[in-house]
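Worksheet for the structure shown next.
Chain identifiers are assigned alphabetically (A, B, ...) following the order of the sequence lines, protein sequences preceding nucleic acid strands; residue numbering begins at 1 within each chain. On a predicted model such as this, the values are computed, not experimentally measured, just so you know.
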There are 2 protein chains.
Amino acid sequence: MATHRSDPESDGCELTKVARFDRLDSGVRDALEAICRTHRYRAGQTVARSGETLDTIGCVRSGFLRMQKRLADGRQHVVGLLVEGDMFGRVFDGALHFAIEAATEAEVCTFRRAPFEELLVRMPDLERMVLLNILNELDRARDWMIILSCPRVSGRIAGFLLVLCSRFAGIDHLFRAGRRGPEVRIPISRADLAHLLGTRPESISRGFHALAEAGYIEILRPDRIGIRDLTALAAEAGDDDLALGAGLVGGPRRTV
Amino acid sequence: MATHRSDPESDGCELTKVARFDRLDSGVRDALEAICRTHRYRAGQTVARSGETLDTIGCVRSGFLRMQKRLADGRQHVVGLLVEGDMFGRVFDGALHFAIEAATEAEVCTFRRAPFEELLVRMPDLERMVLLNILNELDRARDWMIILSCPRVSGRIAGFLLVLCSRFAGIDHLFRAGRRGPEVRIPISRADLAHLLGTRPESISRGFHALAEAGYIEILRPDRIGIRDLTALAAEAGDDDLALGAGLVGGPRRTV
DNA sequence: AAACGCACTTGACCCGGGTCATTGTGGACG
DNA sequence: CGTCCACAATGACCCGGGTCAAGTGCGTTT
């Protein structure tokens with residue numbers, strides 16, 4: 001990691017615990033462990049700046065990172081979230097086109113770039129995994145474009161909730177079955193959500209309350225939403241096949 | 001290619017003419033040529049349907065393809081354009097998540113999938129190229145999200161024009177230096193443009209004329225736009241560094 | 001040359017949401 | 001226990017653009 005990164009603590013790293021790596025054979029994994037370090041970030045800390053050329057490849061172990069681009073007019077747009085298991089950084093080349101920040105407390109493990117790329121060349125399995133990872137990311141970006149294309153803010157929120165549901169299922173501090181249906185935790189503020197969905201905090205607020213009034217969701221707390229009608233949400237998002245469920249935030253859609 | 005594809009004519013293929021392949025050594029290229037066929041499509045023809053599992057990897061030789069997703073509510077959203085040199089289809093796995101149609105007359109060459117993947121495994125250079133291609137696509141998708149995030153339609157149009165300019169520079173039937181500045185050809189209809197930019201044809205029209213009234217562009221013909229003030233366009237699009245210029249429609253941003 | 005079709009343009013109307021301002025609300029801290 | 005502060009919610013206002021409906025221009029047909 002570049003040194004300007006307000007140096008979070010750092011220590012070793014057990015890759016076996018990261019789902020995405022458990023298919024690799026242990027030789028590859030051992031080689032990875034050797035060039036891996038773990039870093040911790042507090043919410044709001046910068047992980048990488050736009051334009052920066054990272055000397056590492058990163059992998060999120062816990063928490064959320066957001067990728068965002070600051071625009072000339074001051075607008076700031078989030079182009080994606082990174083959650084547990086997601087990788088970032090550029091293999092073989094180049095500068096980032098967006099900044100990466102911790103959206104919540106987060107653990108990130110990093111591989112030094114040169115040895116990582118060497119490994120890539122020597123270990124086709126690993127290169128294959130990286131390639132599939134990137135394909136996944138591409139799919140998520142496209143799904144995200146579909147969500148953003150929704151003309152009404154409430155539709156975009158609905159799409160986002162669907163994504164959260166499918167992504168968080170199984171992670172019990174983010175997704176639980178309440179007595180009246182599933183509940184998701186929104187891990188980011190209204191302001192971040194607004195950036196994410198291309199709108200303003202006020203409209204996010206209005207959107208949530210519109211969905212609540214329609215009976216599709218229940219606002220248990222600002223950051224805790226009860227899902228009451230999944231199908232209606234999908235319709236609101238304009239999603240025909242709940243395909244968004246696999247969208248935006250991580251989750252391998254295919255395996256090696 | 002799957003057989004339902006209203007069979008365009010097809011013949012051999014000279015890969016050396018496709019810019020993206022000219023860095024590969026001739027051995028790899030010969031191997032590719034052996035599994036390559038060229039197909040021609042008329043504007044509007046379907047190249048691949050959403051959900052279909054292509055048995056080929058494709059590469060655009062001329063013209064435009066558009067990737068689009070039809071939504072439950074009838075809306076239809078374009079998630080990207082493919083131009084000369086761009087590749088599509090999925091290596092190693094999976095169904096397409098969107099349909100691919102010819103936006104204009106187009107030539108496409110295809111590689112049968114199984115032998116292509118075999119080549120990938122045997123030829124690291126090729127796999128590297130494919131990986132970089134996908135990374136490029138990802139960047140373009142993110143840039144496109146930035147354009148789509150622009151709240152005003154005129155800003156989105158401005159962003160689109162920037163992309164066209166940078167992408168078309170050098171292709172003289174699409175981009176020429178007129179006496180009062182560069183001129184780009186818009187290769188698709190207002191209706192398509194509306195789908196692309198997440199709006200309606202009427203607003204596209206109004207947007208163009210707003211930019212024209214501001215003096216940023218001149219509408220020589222509906223499909224032929226004179227660029228008068230590149231900087232103002234960039235500002236309108238909210239782009240701080242003209243980064244969009246390398247966006248959406250193809251164009252390797254990095255090389256092997 | 002007249003008629004037709006298609007794509008683009010223009011106008012009128014109205015709703016969603018951006019914007020600004022104000023008012024809750026809950027947690028941290030003295 | 002009260003103060004402070006950040007965030008969320010709500011209200012008022014107005015502009016952009018979605019929508020529906022004509023109108024225009026150009027190429028093609030007969």
(request) For atom CZ of Arg228(B), decide whether the heavy atoms of other residues, nucleotides or ligands shown that lie under 6.0 angstrom number more than 12. (result) yes

Counting side-chain heavy atoms from CB outward, which of [options] is closest to [X]?
X: Ser203(B); options: dC8(C), dG18(D), dG17(C); result: dG18(D)
X: His209(A); options: dA12(C), dG16(D), dA9(D); result: dA9(D)
X: Ser205(B); options: dG17(C), dG17(D), dT9(C); result: dT9(C)
X: Glu202(A); options: dG17(D), dC20(C), dA21(D); result: dC20(C)
X: Thr199(B); options: dA8(D), dG18(D), dC8(C); result: dG18(D)
X: Arg200(B); options: dG17(C), dT19(D), dG16(D); result: dT19(D)

(message) Base, sugar-phosphate or nothing for Pro201(A)? Non-hydrogen atoms, less than 4.0 Å.
(response) nothing

(request) Please name the pair of heavy atoms, one in His39(B) and one in Thr110(B), separated by the smallest distance, quoted to 0.1 Å. (result) NE2-OG1, 3.3 Å

(message) So that I can tick it off, tell me whether Arg42(A) and Glu105(A) are bridged by a salt bridge, with the cut-off set at under 4.0 angstrom between side-chain N and carboxylate O.
(response) no

(request) Find which nucleotide of DNA chain D each of Val153(B) and Arg190(A) is nearest to by heavy atoms, and output the residue with the more 5' nucleotide. (result) Arg190(A)

(request) Indicate whether OP1 or OP2 belonging to dT10(D) is found under 4.0 Å from a side-chain N or O atom of Arg206(A). (result) no

